[in-house]
Amino acid sequence: MSAPPPTGLVDWRLPVRGEAAVDLAFRYRADGLQFDLGGPGRGPRLDGRRGAVERLRRTAAAAGVAPLGVAANVLNDIGLTADAGTLAAARVRGVLRRLLDVGEELGAPLVFVPSFRAGAIDSERALLRTAEVLRPVAARAHARGLLLANENVLPALHAVRLAEEVGSPAFRLLLDTYNPVAAGLDVPGLVAVTHPWLAGQIHLKDGLTGTTATPLLGDGDGGVGATVDAVARHLRLTAVVLENDHRDGDGPRLRADLARARAFAGRAAHIQTEMEQPCPSY
């Protein structure tokens, strides 16, 4: 069987961040971490002190915890869709420059930006503005050997259009297993259409519609298994990344969720192995 993809965590859903999150990931045997860039209302900046990113890189390397990606979650508060020429748009450009710098210095293969709340893609103008902002960033990411991804809850054809408007071989769509469900989308159907543009890393998250509860992965109504199966049939996963909320520090629950994430990674590897077997000749 093909080796399962690595299983990772996101530090913004843990009770600790940065180097402390690396230590936690090591203790719970996670293979890697996605880090948040930080910023106002989002915790300490990864690059807030001189040499901080290099120290984080060395700490992760010593622990055997791979830096999987860097997220600019502060853009949910500023908005990628901010009008050109505004102070907000200037802040967006600054965050995106820092995102590329930190991703490259940390040695992460992926940097990504969300399109929720202030940056929700809820109109034609918002879609075109998002593509306009991300187009030059994707070009710079490509030059640095990075992938740039956007996380959104667009219907399939709109998501494809965004990718085509950005028009870069370095651009990807980052899939979350629950956010599209909460938005009323058919996620396996979304995967079937958008898979040529999907990032190899996906967020594993579950929930219960109409509540803020975070059930263990697979116990909610997110259809996590069906989504993982659909992704595995279309592309080779490079990582599954647990994004359930574990900020409460409940260690046994985190351990149980990681075990389930690893099981989903193994399930994906099994599907891909089956698909790689030659068809019998008769």
Measure the shortest side-chain to side-chain distance between Phe264 and Val240 over non-hydrogen atoms and say whether it is less than 4.5 angstrom. no

Is a salt bridge present between Arg13 and Asp248, judged by a nitrogen-to-oxygen distance below 4.0 Å? no

Please walk me through it: do Tyr178 and Asn244 pass side-chain hydrogen bond (donor to acceptor under 3.5 Å, both in side chains)? CA-CA 10 Å; Tyr178 194 72; Asn244 271 357; over 6 Å; no

Note: Ala163 and Trp197 closest approach over all heavy atoms is CB-CD1, 3.3 Å

Does the distance from a Lys or Arg side-chain N to an Asp or Glu carboxylate O, for Arg129 and Asp83, drop under 4.0 Å? no

Validation row: Asp47, Asp101 side chains within 4.5 angstrom (heavy atoms): no

Quick check on side-chain contact (heavy atoms from CB on, under 4.5 Å): which of Leu96, Asn152, Val137, Ile121 does Leu80 satisfy it with? Leu96

Which atom of Val22 lies closest to which atom of Val65, heavy atoms considered: O-CG2, 4.0 Å

Would you name the heavy atoms of Val70 and Ala108 that are closest together and state the gap between them? CG2-CB, 4.3 Å

Would you mind telling me which of Val224, Leu242, Thr214, Asp257 makes a side-chain contact (heavy atoms from CB on, under 4.5 Å) with Asp206? Val224

Applying side-chain hydrogen bond (donor to acceptor under 3.5 Å, both in side chains), which residue pairs with at least one partner in residues 32-44 are found, sequence neighbours left out? Arg17-Asp36, Gln34-Gln201, Gln34-His203, Asp36-Asn73, Arg42-Asp77

Residues Asn150 and Pro114: closest non-hydrogen pair is ND2-C, 4.0 Å

Do NZ/NE/NH1/NH2 and the carboxylate oxygens of Arg161 and Glu124 come within less than 4.0 Å? yes

Test salt bridge (charged side-chain N to carboxylate O under 4.0 Å, His left out) applied to Asp245 and Lys205, step by step: CA-CA 9 Å; Asp245 193 345; Lys205 185 165 67 187; over 6 Å; no

Smallest heavy-atom separation, Ala170 atom then His142 atom, equals CB-CB, 3.6 Å

Return the minimal non-hydrogen interatomic distance between Ala82 and Thr86, and the atom names on each side. CB-OG1, 4.1 Å

